[in-house]
Number of protein chains: 2
Amino acid sequence: MVKYKDEALDRTFAALSDPTRRALLARLGEQDGLSVSELAAPFPVSLPAIMKHLDVLTDAGLIVREKTGRTVACRLTARPMEQAMDWLNRYAQFWSHNLDRLTAFVEQETWPTQPPTPPNAQQSVQASRSRAGSARRPKGSTPPGRKPRN
Amino acid sequence: MVKYKDEALDRTFAALSDPTRRALLARLGEQDGLSVSELAAPFPVSLPAIMKHLDVLTDAGLIVREKTGRTVACRLTARPMEQAMDWLNRYAQFWSHNLDRLTAFVEQETWPTQPPTPPNAQQSVQASRSRAGSARRPKGSTPPGRKPRN
DNA sequence: TCTATACTAAACCACATGGTTAAGTATAAG
DNA sequence: CTTATACTTAACCATGTGGTTTAGTATAGA
């Protein structure tokens, strides 16, 4: 099973879904090893906001941070983006209508089409985005469901 | 400016950040044109939950839906994923250390490194993920900020 | 030693997300 | 015409997100 890769893809794509984080990555592409303050300077948001974005990028493995004295240098990494590209390449092959390659490719079983199952460990900590299982409703709250129209 | 492409990238990467949605796309890669019920059948969540995921995929332009009678067929599309691949390819070139190509590439100005600016129209509708500007606090609520440690 | 800088952490907020159940609508089948 | 199926919509919930301000810590510079 490639669930661990799935979680890595979750974080990679989630990290890339925000324009500020893509701009941060692009900035590091121009000039790797910038400090946090240098990275944050052109952005119209506060430094703690940029810090949060860098946290997301670090958790996704897209950057690494190394502290020297009081400054932290941020650098791009390669691995998780390669995995995202792999996924996109597979998608590209689906709609290219090359059915022979497609059939052979699907039968490699490297492509999880079965629905994601939430990890049975760490139920108290939300480990994945899609989660099944009913949420507990506090007493006295109204249950979900559409009210009749009348 | 390529802000419109940026918003499309927002939606594309956000759509891909969820494992259920990626599984839906993979399922359609195996067999295009499945109906909503057929798509939903293997998933352990409710039909409206799958409907919501399909809404996200449709808004991102990754699938199209066409109704025939009472069933809706879902099909993969190509365009937005190509744009996501373009972005990833550029990132790949950054860490491949090809500085000549990198410099020439950056100077094409097709790669927005400047911080994203939220659209000045549609302030009432949240159009982009990163947004500046202070939120209004209700009267009587405590202001943000860390409490002193003592 | 004191001051300044760079970064980190906490607390708050409005809004978004991903699920649920229940009701409603459109269309096909009997 | 009635029933069943496929899908849609509304209302709810817990949690997460992306921002803010304020306080705190670590390190460099004067």
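Here is the naming used below: chain letters follow the sequence lines, and residue numbers restart at 1 for every chain. These numbers come from a predicted model, not from an experiment. Only heavy atoms go into these numbers, but all of them, side chains included; no hydrogens, no water, no symmetry mates.
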With the side chain defined as heavy atoms from C-beta on, A/S37 is closest, among D/dG24, D/dT21, C/dA6, to C/dA6
A/R70 side chain: which of D/dT8, D/dG29, C/dG18 is closest? D/dG29
Is the side chain of B/R21 donor-acceptor paired with the backbone N or O of B/A14 at a distance under 3.5 Å, no angle test? yes
From the candidates C/dT25, C/dG19, D/dA10, the one with an atom nearest any side-chain atom of B/P48 is D/dA10
Let's go through B/W87 and A/L16 carefully: what are the C-alpha distance in whole Å and the side-chain angles of both, what is the deciding distance for side-chain contact (heavy atoms from CB on, under 4.5 Å) to 0.1 Å, and is it a yes or a no? CA-CA 10 Å; B/W87 196 93; A/L16 295 175; 3.5 Å; yes
Would you mind reading off the distance between B/D18 atom CG and D/dG16 atom P, rounded to a whole angstrom? 14 Å
Rounded off to whole Å, could you give me the CE-to-C1' distance for the A/M51 and D/dT20 pair? 16 Å
Base, sugar-phosphate alone, or nothing: which one does A/K147 contact when heavy atoms must sit under 4.0 Å apart? sugar-phosphate
How many Å lie between CZ on B/F13 and C1' on D/dT17, as a whole number? 19 Å
Protein-nucleotide distance (B/L57, atom CG; C/dT17, atom C1'), rounded to Å: 14 Å
Co-membership, hydrophobic cluster, residues B/L34 and B/I63, 4.5 Å side-chain: yes
Given D/dT21, D/dA23, C/dG19, which nucleotide is nearest the side-chain atoms of B/V45? C/dG19
Which nucleotide in the list C/dA9, C/dG24, D/dT20 gets nearest to the side chain of B/P144? D/dT20
Output yes when at least one side-chain N/O atom of A/S141 is less than 4.0 Å from OP1 or OP2 of D/dC12, else no. no
Selection from C/dT8, C/dG19, D/dT22 that lies nearest to any side-chain heavy atom of A/L47: C/dT8
With DNA chain C as reference, determine whether B/V56 or B/G145 sits nearer its 5' end, using the nearest nucleotide of each. B/G145
Closest to the A/P148 side chain: C/dA23, D/dG19, C/dC13? C/dA23
Side chain of A/T142, heavy atoms from C-beta onward: which of C/dG18, D/dG18, D/dC12 has the nearest atom to it? D/dC12
Under 4.0 Å, heavy atoms only, any strand: does A/T71 hit a base, just the sugar-phosphate, or nothing? sugar-phosphate
Rounded to whole angstrom units, what separation is found between the CG atom of B/L54 and the C1' atom of D/dT8? 12 Å
When rounded to whole Å, the NZ to P distance for the pair B/K52 and D/dC13 reads 14 Å
Could you walk me through whether B/R22 and A/D10 satisfy the side-chain contact (heavy atoms from CB on, under 4.5 Å) test, starting with their C-alpha distance in whole Å, then the side-chain angles of each, then the deciding distance to 0.1 Å, before giving a yes or no? CA-CA 9 Å; B/R22 293 200 303 272; A/D10 290 355; 2.8 Å; yes
Decide yes or no for B/D55 and B/R65: does some side-chain heavy atom of the first lie under 4.5 Å from some side-chain heavy atom of the second? yes
B/H53, nearest nucleotide to its side chain (from C/dG19, C/dT8, D/dC13): C/dG19
In whole Å, what is the span from the CG atom of A/D55 to the P atom of D/dG18? 12 Å
Closest listed nucleotide, where the reference is the side chain of B/R146 and the choices are C/dA22, D/dT20, D/dG24: D/dG24
Using whole Å, what does the distance between atom P of nucleotide C/dG18 and atom CG of B/D59 come to? 12 Å
Closest-nucleotide 5' rank along DNA chain D - winner of B/R65 and A/I50: B/R65
Look at the side-chain N and O atoms of B/R149 and state whether any lies under 4.0 Å from the OP1 or OP2 oxygen of D/dT25. yes
Are A/L57 and A/M85 grouped together when hydrophobic residues (ILVMFWY) are joined by side-chain heavy atoms under 4.5 angstrom apart? yes
